[in-house]
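We number each residue from 1, following the sequence as shown.
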Amino acid sequence: MTDSKYFTTTKKGEIFELKSELNNDKKEKKKEAVKKVIASMTVGKDVSALFPDVVNCMQTDNLELKKLVYLYLMNYAKSQPDMAIMAVNTFVKDCEDTNPLIRALAVRTMGCIRVDKITEYLCEPLRKCLKDEDPYVRKTAAVCVAKLYDISSSMVEDQGFLDQLKDLLSDSNPMVVANAVAALSEINEASASGQPLVEMNSATINKLLTALNECTEWGQVFILDSLANYTPKDEREAQSICERITPRLAHANAAVVLSAIKVLMKLLEILAGDGDFCSMLTKKLAPPLVTLLSSEPEVQYVALRNINLIVQKRPDILKHEMKVFFVKYNDPIYVKLEKLDIMIRLANQSNIAQVLSELKEYATEVDVDFVRKAVRAIGRCAIKVEPSAERCVSTLLDLIQTKVNYVVQEAIVVIKDIFRKYPNKYESIISTLCENLDTLDEPEARASMVWIIGEYAERIDNADELLDGFLEGFQDENAQVQLQLLTAVVKLFLKRPADTQELVQHILSLATQDSDNPDLRDRGFIYWRLLSTDPAAAKEVVLADKPLISEETDLLEPTLLDELICHISSLASVYHKPPTAFVEGRGAGVRKSLPNRSASAAGEESSSSVPEATVIPNQESLIGDLLSMDIGAPAAPAAPAPASSNVDLLGGGLDILLGGGPAATNDTAPTTAAAAGGSAAGGLLGDIFGIGPVSSTNMIQIPKITWLPADKGKGLEIQGTFSRRAGQVYMDMTFTNKAMQAMTGFAIQLNKNSFGLVPSAPLQVAPLQPSQSIDTSLPLGTTGPVQRMEPLNNLQVAIKNNVDIFYFACLVHGNVLFVEDGQLDKRVFLTTWKEIPAANEVQYNLHGIVGTADTVAAKMTANNIFTIAKRNVEGQDMLYQSLKLTNNIWVLLELKLSPGSSDATLSLKTRSVEVGAIIFAAYEQIIRSP
């Protein structure tokens, strides 16, 4: 009879019967009863009432029965913690059993029971099992350490289990080594700091490479993943690791192959200087990748998604393997589309004829989605491989002649891009396109055709009639088509004003009066104002030369690509998203990135010639300096900045990269530049809307708080805040006299601080009568003595009057320390982001955000946080921003916003990560400001 008998019972009082069977003297009866209990538990019945009776069955030599009891314990220990403690003695005893299987089973079960009381008793048995003579027990205990870390990380660190795990890396048994590596990897990833708790070194790596050949497949994957996180100390060590890993490329398991490729891709970055070795290694990477494509479709898809990343990073690896990516008739659609994408990435002058022949064949397939992608691929080839553009256009025209509706529409969309890439070259085909105007019913195709008519209106005799035909159903058109129609008609009017005046008035009326789309309405008003006030300016704006579109518009961002290369053979490489985007609980983790060999070499060379900016020296004393100051003396004039104060923390002279000379030493230079920029922007908008220059007074004003209460100031109460006006930091204070006598002779002194803040002028406070309040603003310079404070923005102040000297501390608001010349060029931003190590990236979660990405960017700009670029990635708005502190520290930021959500993720990169807390606090204040 099979085990199904345990699942079928109709008896009444089932729990009672099981209870009596569990207490039976016969071992067979007990085992049968426990099986029935496990069967009931499996189908969801509550058998927790039998807990004490099942625990009593633990005292047995029968391994099968013991396993069943342990299974029951793991399931119910959490709901019955007090009862579970009864099993502890048996666990401890089993950990010293002569049978290694029982020892391993006991320690594994104790690790799985997440009950604090049992965890306390786990330490001693676990310590013994980690040194057990049997490798099976040791490898089980290694995994148990990772489970224990998840329950109580402090216990693992305090009890020295991490050191024992590290010792297991030298174990003679390869499976023990693999499990130790797996446990350490899991512990490092779960580390609260995001920093690895156990660092790898050359000796450890050597042991892992030795164990690699003898491990199981999973063991090899764990070891290779750990090797991927190790950065060799020099090229020689990197070459040695490569040579010892290369045999893994011939492994039968796809996971092992991809993990080996991940390690080699990382090491290739370090070996960039050794051309011959890199060339040899690159040739070895192609065959295993090609072999993966002969697997089942699901494995093919995973391999293709990883190959897509590899080809973007190193196209040379597969440049001779184009044929393996040709689509087979029986490939699933998801494999076909991925192969098509890789074909375009590998397309070049030598293989373009072959590729185009294939793509033309694909365009006659029956699968509509695949055909569309194939037609788009022809257009992308034309843009990427310039000599083939004419052949691509000819192929597209052939496809248009087929009169297949969706093929024609896709062809028109890609031809629009070809016109953008090669202006005044292929316009002779416009008449052919116009013949198909009536068949277009998809918004993107209609919008593309309208753009072509508007852009080349002077070459199309009946352009006005064609556009007029679109206007008949203007209200029913998609917003994308409406916007293109509006621009196209305005272009036509500027080229042929005599016979299109009615047409332009008609569409402007439709856009501004009859439409409820704000984008369309705003564009209509801008065009109307431009045309009515200055047609010449309108011509310059609307008919301006357009930038050529790039040859690869769908490449991943370099920093994201580098991160994904580090995650090859994981879900991140299939989704093409970093793990933080889809795995909860990893938001604070440090991002992985490829080593930047050239950047580190450049850093070594420049370190001798360019002094490091030691902007924030260590703090030596707190209030001591302040107490020794001559408070009665007049405020000293601000000292000129030392010559080295403008060296930026990037060590490479960012001002030089930006194309300027040395940074200005006076406070007014950035202000003047900002004012000039502001007036230029204001001038343009003013011409359009009839408004004056744009005001920059939107910087947030943080309310005053009490710095010195009256009871500590002998009747003097000081409330204050910090602000920034016209490029100058101000200390805004309200002095209130709550004493019975007048107060006079006010003076102020600031202690050394992290940002060199000093008064630029004496404190101006008139004699203060009882119950009187006076507001004053003290301008602050940033050229004073510097000393690191804790926290960084802490400012210690001494105020003297005729009564006494009073001391207090306040925090400087981060936004007042952001200077006006903190905007980086896009190219410099990208280069700098890559140069700053991944360890210098910090993440922070923002909550309670109101408004769109544009409103957030506007708020930030008003507070000297400049948006360099904005992108939409997978439905999320990404703002790339930069700012510069008064002490010349540059900070680069990435703000990730989800439309409709009030939460956002802020990533910060800088050479001085200690400024992160100030920046995050400033963002919180700015985002919450009205």
Side-chain angles (χ1 to χ4, degrees), residues 416 419-420 423 437 440 443-444 446-547 677-696 698 851-855 857-858 861 870:
K416 178 206 65 174
F419 284 170
R420 284 282 307 275
L437 202 58
L440 307 181
E444 195 174 1
R446 288 174 73 81
S448 298
M449 195 64 227
V450 168
W451 181 87
I452 291 169
I453 295 169
E455 188 69 16
Y456 302 102
E458 70 277 12
R459 301 176 186 220
I460 305 170
D461 296 335
N462 63 336
D464 51 341
E465 291 174 22
L466 295 175
L467 292 175
D468 198 25
F470 279 99
L471 291 188
E472 289 171 11
F474 184 79
Q475 300 298 352
D476 301 325
E477 294 284 4
N478 182 279
Q480 180 184 2
V481 182
Q482 289 178 337
L483 287 164
Q484 283 294 358
L485 268 172
L486 175 58
T487 303
V489 171
V490 172
K491 284 178 183 174
L492 177 63
F493 171 72
L494 291 168
K495 290 173 181 178
R496 289 158 47 182
D499 51 352
T500 54
Q501 195 156 352
E502 280 185 28
L503 190 63
V504 79
Q505 285 179 341
H506 179 53
I507 197 164
L508 286 174
S509 172
L510 285 172
T512 56
Q513 293 171 26
D514 302 343
S515 172
D516 56 1
N517 181 343
D519 291 337
L520 182 65
R521 206 166 49 238
D522 289 351
R523 191 183 289 194
F525 278 125
I526 287 178
Y527 284 155
W528 201 316
R529 181 59 67 96
L530 269 170
L531 293 170
S532 57
T533 55
D534 191 350
K539 225 169 193 175
E540 283 182 34
V541 172
V542 181
L543 301 180
D545 289 337
K546 289 158 194 68
S679 65
L684 177 61
L685 289 171
D687 289 344
I688 296 172
F689 293 108
I691 56 174
V694 178
S695 170
S696 61
N698 293 330
T852 63
D854 292 333
T855 56
T861 304
K870 177 188 169 187

field: Verdict with reasoning, Lys870 to Asp854, per side chain to side chain contact (heavy atoms under 4.5 Å, CB included)
entry: CA-CA 9 Å; Lys870 177 188 169 187; Asp854 292 333; 3.0 Å; yes
message: One pair to check against side chain to side chain contact (heavy atoms under 4.5 Å, CB included): Phe493 and Gln505. What are the steps and the verdict?
response: CA-CA 10 Å; Phe493 171 72; Gln505 285 179 341; over 6 Å; no
field: Verdict with supporting geometry, Tyr527 and Val542, side chain to side chain contact (heavy atoms under 4.5 Å, CB included)
entry: CA-CA 9 Å; Tyr527 284 155; Val542 181; 3.7 Å; yes
field: Residues Lys495, Thr500; criterion side chain to side chain contact (heavy atoms under 4.5 Å, CB included); working and verdict
entry: CA-CA 9 Å; Lys495 290 173 181 178; Thr500 54; over 6 Å; no
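The heavy-atom pair separating Ala538 from Leu494 by the smallest distance is O-CD1, 3.9 Å. The shortest non-hydrogen separation linking Leu508 to Leu531 is CD1-CD1, 4.2 Å. Here the shortest heavy-atom pairing between Ala511 and Gly524 reads CB-CA, 4.4 Å. Taking every heavy atom of both residues into account, Ala488 and Gly454 meet most closely at CB-CA, 3.7 Å. In terms of heavy atoms, Ile460 sits closest to Arg496 at O-NH1, 3.1 Å. For the pair Arg523 and Leu483, the tightest heavy-atom approach, listed with the atom from each and the gap, is NH1-O, 3.3 Å.
Considering CG of Asp464 and CD of Glu502, their distance stands at 11.0 Å, rounded to 0.5 Å. Rounding to the nearest 0.5 Å places CD of Glu477 at 9.0 Å from CG of Leu471. Annotation: the span from Gln475 atom CD to Asn517 atom CG amounts to 10.5 Å, rounded to 0.5 Å. The distance from the CG atom of Leu485 to the CG atom of Leu510 is 10.0 Å, given to the nearest 0.5 Å. Interatomic distance, Arg420 CZ to Ile452 CD1, rounded to the nearest 0.5 Å: 12.0 Å. Of the inter-residue distances, the one linking Asp516 atom CG with Arg521 atom CZ reads 7.0 Å to the nearest 0.5 angstrom.
For the side-chain contact (heavy atoms from CB on, under 4.5 Å) with Phe525, the qualifying choice from Leu530, Leu520, Thr512 is Thr512, the only one to do so.
More than 12 heavy-atom neighbours from other residues, nucleotides or ligands sit within 6.0 angstrom of CG on Asp499.
Looking only at distances, no side-chain donor or acceptor of Thr487 sits under 3.5 Å from a matching main-chain atom of Gln484.
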